Enquirer: 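Here you go, one structure.
Source: prediction; values computed, not measured.
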Number of protein chains: 2
Amino acid sequence: MVAGPLPAPSGPGKDRLRLWIRLLRASRTIEADLRERLKKDFNTTLPRFDVMAALYRAPEGMLMSDLSRFLLVSNGNVTGIVDRLVSEGLVARARRNGDRRTSMVRLTEDGVKSFGIIAAAHEGWIGELLGKVSEDDARRLTGMLTSFRSNWEGRE
Amino acid sequence: MVAGPLPAPSGPGKDRLRLWIRLLRASRTIEADLRERLKKDFNTTLPRFDVMAALYRAPEGMLMSDLSRFLLVSNGNVTGIVDRLVSEGLVARARRNGDRRTSMVRLTEDGVKSFGIIAAAHEGWIGELLGKVSEDDARRLTGMLTSFRSNWEGRE
DNA sequence: GCAAATTATTTCAAGCTTAAAGTTTTATAT
DNA sequence: ATATAAAACTTTAAGCTTGAAATAATTTGC
């Protein structure tokens with residue numbers, strides 16, 4: 001007598017599993033919506049937006065490895081995205097005098113201008129997409145996710 | 001006098017933006033970890049796991065379009081993943097008599113066995129990764145995400 | 001000084017992903 | 001009946017993603 005594949009999941013561990021599934025679905029739902037809007041309204045992509053957002057916060061520039069660490073993606077991945085942004089004139093690489101392995105990556109003037117416009121729209125979209133989440137819940141959720149992050153970073 | 005790019009974000013709408021960023025980072029962090037474990041321990045991938053998980057819940061099989069809707073990915077995407085799973089003998093396609101456009105996709109016997117093993121490990125990983133989230137927070141978070149989902153599905 | 005280890009980045013192959021266009025089959029409206 | 005539309009998939013091209021291997025520059029340990 002074996003449990004079928006379809007009993008309502010319950011028991012220890014199931015609460016965490018359910019939480020993970022909800023979390024993943026929520027973020028994929030929102031991500032898909034943002035991706036579509038970025039394409040339709042600005043003919044760009046989420047990875048490009050992510051890179052530009054990171055660089056916008058660092059006017060002095062970032063190393064490739066900083067970018068990949070910050071964005072939680074692989075090194076090789078960032079290379080390709082930055083290559084495309086460079087070819088579009090939105091981002092520039094500058095070799096450094098000190099260490100010739102590294103290059104400082106930063107937004108160009110065009111990049112800053114372009115990102116500013118897209119970011120404003122983006123913030124509006126998020127307000128729209130998450131509008132039904134009460135201010136209170138938003139802050140509570142954020143708090144929980146922040147403490148998740150702290151625990152994660154402090155893990156052995 | 002323009003606000004610099006680095007003031008702590010604040011004001012209306014910023015709470016939602018911050019929530020979204022936290023949500024995205026949490027799910028990417030966990031996703032990256034799961035991806036790595038799936039590769040190392042079972043030489044498989046998250047998309048393959050996702051498809052198999054969906055099929056495991058539907059012993060009678062699913063249509064390709066059901067799969068893509070459920071997983072929130074495009075049609076063509078599912079085609080490729082299922083192709084690979086079929087070539088590995090974990091999944092089977094069966095043409096239906098009724099409608100020759102469609103094919104019922106289901107796990108093979110091997111697929112069921114294989115998924116059972118991986119899913120057990122997966123649940124353990126999640127328990128581990130989210131272990132620091134209290135039972136209470138887990139349930140609260142799940143509740144908020146569930147209501148987000150309802151609002152989303154009920155949007156105009 | 002110099003070999004060995006480390007660090008920063010790029011390249012590569014395989015696979016994932018999307019949006020758009022194409023194919024085949026079924027349903028609908030004359 | 002038969003054109004037209006709709007539905008279920010697949011194919012395609014471009015881009016994203018990873019992990020591993022390759023390059024090049026710097027640092028470390030004798």
Enquirer: Who clusters with A:Leu72? Use side-chain heavy atoms, under 4.5 angstrom, across I, L, V, M, F, W and Y, and order the result by chain and number.
Expert: none
Enquirer: B:Asp110: which residues meet the salt bridge (Lys or Arg N to Asp or Glu O under 4.0 Å) condition with it, sequence neighbours left out?
Expert: none
Enquirer: With sequence neighbours left out, write down each residue that passes salt bridge (Lys or Arg N to Asp or Glu O under 4.0 Å) with B:Glu153, or none if nothing qualifies.
Expert: B:Arg149
Enquirer: Show me, range against range, the stems involving DNA chain C, built from at least 3 consecutive Watson-Crick or G-U pairs below 3.5 Å.
Expert: C:1-30 with D:1-30
Enquirer: Measure CZ/B:Arg95 against P/D:dA8 and give the value in whole Å, please.
Expert: 14 Å
Enquirer: Would you indicate, yes or no, if D:dT10 has its OP1 or OP2 atom less than 4.0 angstrom from a side-chain nitrogen or oxygen of B:Thr79?
Expert: yes
Enquirer: Using the salt bridge (Lys or Arg N to Asp or Glu O under 4.0 Å) criterion, which residues pair with A:Arg100? Sequence neighbours excluded.
Expert: none
Enquirer: Just the rounded figure in Å: distance from P of D:dA14 to CG of A:Asp83.
Expert: 17 Å
Enquirer: Does A:Ser65 place a side-chain N or O at less than 4.0 Å from the phosphate oxygens OP1/OP2 of C:dT7?
Expert: no
Enquirer: Scan residues 35-50 of chain A against DNA chain D and write down, sorted by residue number, each residue with any heavy atom closer than 4.0 Å; if none is found, say none.
Expert: A:Thr45, A:Pro47, A:Arg48
Enquirer: Starting at atom CG of A:Asp33, determine the distance to atom C1' of C:dT18, rounded to an integer number of angstrom.
Expert: 15 Å
Enquirer: Quick one: sort the B:Phe148 and B:Trp152 rings into parallel, tilted or perpendicular, breaks at 30° and 60°.
Expert: tilted
Enquirer: Does anything in residues 66-77 of chain B come within less than 4.0 Å of DNA chain D? Heavy atoms only, and list the residues if so.
Expert: B:Asn75, B:Gly76
Enquirer: Name the residue closer to the 5' end of DNA chain C, choosing between A:Met62 and A:Ala32 according to the nucleotide with the nearest heavy atom.
Expert: A:Met62
Enquirer: Should B:Glu135 and B:Arg140 count as an ion pair when the cut-off is N to O under 4.0 Å?
Expert: no
Enquirer: Would you please name every residue forming a salt bridge (Lys or Arg N to Asp or Glu O under 4.0 Å) with B:Arg106, sequence neighbours left out?
Expert: none
Enquirer: What do the steps show when you test A:Asp137 against A:Lys132 for salt bridge (charged side-chain N to carboxylate O under 4.0 Å, His left out), and what is the final call?
Expert: CA-CA 10 Å; A:Asp137 277 4; A:Lys132 290 284 183 55; over 6 Å; no
Enquirer: Identify all side-chain donor-acceptor contacts of residues 40-48 of chain B below 3.5 Å with residues at least two apart in sequence or on another chain.
Expert:
residue	atom	partner	partner atom	Å
B:Thr45	OG1	B:Arg48	N	3.3
B:Arg48	NE	B:Glu88	OE2	3.4
B:Arg48	NH2	B:Glu88	OE2	2.7

Enquirer: Less than 4.5 Å apart, side chain to side chain, heavy atoms only: is that true for A:Met64 and A:Thr102?
Expert: no
Enquirer: Keeping to residues at least two apart or across chains, list the salt bridge (Lys or Arg N to Asp or Glu O under 4.0 Å) pairs with something in residues 65-75 of chain B.
Expert: B:Asp66-B:Arg69
Enquirer: Let me check something: any side-chain donor-acceptor pairs from residues 32-39 of chain A under 3.5 Å, sequence neighbours excluded? List them with distances.
Expert:
residue	atom	partner	partner atom	Å
A:Asp33	OD1	A:Arg37	NE	2.6
A:Asp33	OD1	A:Arg37	NH2	3.4
A:Arg37	NH2	A:Glu128	OE2	3.2

Enquirer: Answer with base, sugar-phosphate or nothing: what part of the nucleic acid does A:Arg93 contact at a heavy-atom distance below 4.0 Å?
Expert: sugar-phosphate
Enquirer: Which pairs, protein N/O on one side and nucleotides 25-29 of chain D N/O on the other, fall under 3.5 Å?
Expert:
residue	atom	partner	partner atom	Å
D:dT26	OP1	A:Arg100	N	3.1
D:dT26	OP2	A:Arg100	NH2	3.3

Enquirer: For the pair A:Arg16 and B:Glu123, find out whether any cationic side-chain nitrogen is under 4.0 Å from an anionic carboxylate oxygen.
Expert: no
